[in-house]
Number of protein chains: 2
Amino acid sequence: MVAHSLRARVRAGMIDEIKAVARRHLATDGANLSLRAVARDMGMVSSAIYRYFPSRDDLLTALILEAYEALGDAVEAADAGVDRADLRGRWHAAFRAARTWALANPAEYALLYGSPVPGYAAPADTVAPASRPPLTLVGILCDGVADGRLDPPAEELSEPLRTDVAELGVLLAVDLPPALLARGMAGWTQLFGLISFELFGRINGMLPHRDEYFDHQTGLMADLVGLPAA
Amino acid sequence: MVAHSLRARVRAGMIDEIKAVARRHLATDGANLSLRAVARDMGMVSSAIYRYFPSRDDLLTALILEAYEALGDAVEAADAGVDRADLRGRWHAAFRAARTWALANPAEYALLYGSPVPGYAAPADTVAPASRPPLTLVGILCDGVADGRLDPPAEELSEPLRTDVAELGVLLAVDLPPALLARGMAGWTQLFGLISFELFGRINGMLPHRDEYFDHQTGLMADLVGLPAA
DNA sequence: TATCGTCAAGAGCAGTGCTCTCGGTTTTGA
DNA sequence: TCAAAACCGAGAGCACTGCTCTTGACGATA
């Protein structure tokens, strides 16, 4: 038993080291991760990597899963760090946490929210961790509706869309008026649109004060979903 | 003259054919475009391609430029096809045109708005064509402010941001209250966030009626920038 | 102790971008 | 008109990639 767990332990250590080295390469060389380069950095031969990851895509998948978890942790922790009644503060904290994580890990963010890798299909395991940030946002809305602090929007969704959004609500296990859920999705879309624009260089050269710009746009979306001022 | 223009003409024809074949490969194989595969499809040897494009990145750049122009054409044409006074109709038309083009050309859209290719730096020629869609949107806002149909938002931007956005306004040669320009940028961000989410599979499995969803979110942003109803 | 699973190494295959050289054609200019 | 210059395609070759297979050694297990 001890012997077996010892071997298993060094194996787990190898896997961790490979992922760490790969993450380092990802940060410098971008998404085209070279297995051979990773192996070189570890003083190994490229074929030895295949003892631990059956293919390059599996290594990428492992990195993607970890990145989703890290982003989810960051967003949820930021939300949890604010007084539950301060809906707007929680909204801003969640937005900021996502951006901060993305700026600190641009290559991994690009892996998650950039163009999908051509031959690569995201496994189903990723959908749960990937939905943690949007779930955090709609959680804020749910809390607001529950204690009457947040008034749902006046408009009603017309028919084909209303049932779609309602079904999405039961899928996410949230109880929100469809019109409000749709506005929440606009906030979610805006969040990652903002980060992608900033990270992918679409606002290069303009807007030197990025933090202020991001916070202001965050506030616009907070208004859109109906969060009360302070 | 005739002789010279004859050779120049077959050269231009070759360049066009290479781009066409490359675009076809882009659609099937994604962003990792293979020069050798393109050459094979043309019955040529890979080195012959280098007579026309000094490197693979230059071929990619040519495709990117054409894609930007095509997208810009589509958006501007859609806007131009609506009665100038119908601000909301123009807004919706521009949004829809961008999405329609992206759905018809997913690989090229990913090239423009996906994660930047690692070793590749977008040349400066791309910034002008890339700004045509957002310029179309702010053009609608300008027209609305000019004829008094659109009331600027009540809020005022606080200081570091206000000058940033104002400078951006002069850069774009538009005369808008900074707060309104910021809201316009939110609409621009939302547009490409929506398209990216849809195209990159982030709303797979939910929302079967994508057109209705897109139109509704477009309307939310029209409200945000203050476009009058119909 | 003997056996079986695990491991790293190496050779090798097919593919990539890119460079260079070699003939042949076309255009140019005196 | 005819030589010089420019252009073009083919081919070989380099360094690199992901991946497969085989070989030999090590360590845990029964």
Side-chain angles (χ1 to χ4, degrees), chain A residues 1-19 21-26 28-64 107 111 116-121, chain B residues 1-19 21-26 28-64 107 111 116-121:
Chain A
M1 277 310 125
V2 168
H4 173 276
S5 84
L6 184 149
R7 169 128 90 182
R9 207 153 344 140
V10 357
R11 183 180 172 83
M14 279 297 275
I15 291 184
D16 281 349
E17 187 175 346
I18 291 176
K19 286 197 282 193
V21 174
R23 210 171 358 240
R24 217 163 53 221
H25 268 85
L26 211 61
T28 64
D29 299 351
N32 41 10
L33 177 69
S34 163
L35 268 192
R36 294 182 113 110
V38 173
R40 260 195 305 272
D41 268 24
M42 301 187 55
M44 287 198 334
V45 149
S46 74
S47 58
I49 302 275
Y50 288 85
R51 295 278 168 195
Y52 302 95
F53 292 95
S55 81
R56 198 195 76 126
D57 281 3
D58 290 270
L59 175 53
L60 267 183
T61 299
L63 295 179
I64 287 178
L111 219 53
V117 182
Y120 175 82
Chain B
M1 276 311 123
V2 168
H4 171 279
S5 81
L6 185 147
R7 170 131 92 175
R9 203 151 349 137
V10 354
R11 182 179 174 83
M14 280 294 275
I15 290 183
D16 280 350
E17 188 176 346
I18 291 176
K19 287 196 283 193
V21 174
R23 209 173 356 242
R24 215 164 53 222
H25 269 84
L26 211 61
T28 64
D29 299 351
N32 41 10
L33 178 69
S34 162
L35 268 191
R36 296 181 112 112
V38 173
R40 260 194 306 271
D41 268 24
M42 303 187 54
M44 287 198 333
V45 146
S46 74
S47 59
I49 301 276
Y50 288 84
R51 298 276 170 200
Y52 303 94
F53 293 94
S55 81
R56 199 195 75 127
D57 280 3
D58 290 88
L59 175 52
L60 267 183
T61 299
L63 294 179
I64 288 178
L111 219 53
V117 182
Y120 175 81

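Computation of the quantities below employed the complete heavy-atom set of this structure, encompassing side-chain atoms and omitting hydrogens, waters and symmetry-equivalent molecules. A note on names: the letters A, B, ... follow the listed sequences, proteins ahead of strands, and every chain is numbered from 1.
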query = Closer than 4.0 Å, any side-chain N/O of B:Tyr52 to the OP1 or OP2 of D:dG9?
reply = yes
note = From the list A:Leu63, A:Leu33, A:Val38, side chain to side chain contact (heavy atoms under 4.5 Å, CB included) partner of A:Arg23 resolves to A:Leu63
query = Starting at CG of A:Leu35 and ending at P of C:dA9, how long is that distance when rounded to a whole Å?
reply = 15 Å
key: Donor/acceptor link under 3.5 angstrom from A:Arg36 side chain onto base of D:dG18   = yes
task = For A:Leu33 and D:dG18, give me the distance from atom CG to atom P, rounded to whole Å.
result = 7 Å
inquiry  = If the condition is side chain to side chain contact (heavy atoms under 4.5 Å, CB included), which residues does A:Ser55 pass it with, not counting sequence neighbours?
reply    = A:Asp57, A:Asp58
ask   = Atom CE of A:Met44 to atom P of C:dT6: distance rounded to whole Å?
value = 17 Å
Write down the protein N/O and nucleotide N/O pairs, taken from nucleotides 20-27 of chain D, whose separation is under 3.5 Å; answer none if there are no such pairs.
none

note = Between A:Ala31 and A:Arg56, the two heavy atoms sitting closest are O-NH1, 4.1 Å
Residue-phosphate contact under 4.0 Å: B:Arg11 side-chain N/O, D:dC8 OP1/OP2 = yes
message = Categorize A:Met42 for me: base, sugar-phosphate, or nothing, with a 4.0 angstrom heavy-atom threshold over every strand shown.
response = nothing
task = Could you tell me the separation between the CG atom of A:Asp57 and the C1' atom of D:dC19, rounded to a whole number of Å?
result = 12 Å
request  = Just grab all the salt bridge (charged side-chain N to carboxylate O under 4.0 Å, His left out) pairs involving residues 39-50 of chain A, residues at least two apart or on different chains.
outcome  = A:Arg24-A:Asp41
ask   = Listed by chain and number, what are the side chain to side chain contact (heavy atoms under 4.5 Å, CB included) partners of B:Ser47, not counting sequence neighbours?
value = B:Val45
task = Using whole Å, report how far CZ of A:Phe53 lies from P of C:dT6.
result = 17 Å
message = Contact between B:Thr61 and B:Phe53 at the side-chain level, heavy atoms closer than 4.5 Å - yes or no?
response = no
ask   = Taking CZ from A:Arg40 and P from C:dG10, how many angstroms apart are they, rounded to a whole number?
value = 14 Å
Please table the atom pairs, donor to acceptor, closer than 3.5 Å between any side-chain atom in residues 10-19 of chain A and protein atoms at least two apart or in another chain.
from, atom 1, to, atom 2, distance (Å)
A:Arg11, NH1, A:Arg51, O, 3.4
A:Arg11, NH2, A:Arg51, O, 2.9
A:Lys19, NZ, A:Glu66, OE2, 2.7

request  = Mind calculating the distance between CG (A:Asn32) and C1' (C:dG17) to the nearest angstrom?
outcome  = 13 Å
key: A:Ile49 CD1 to C:dA8 C1', straight-line distance once rounded to whole Å   = 11 Å
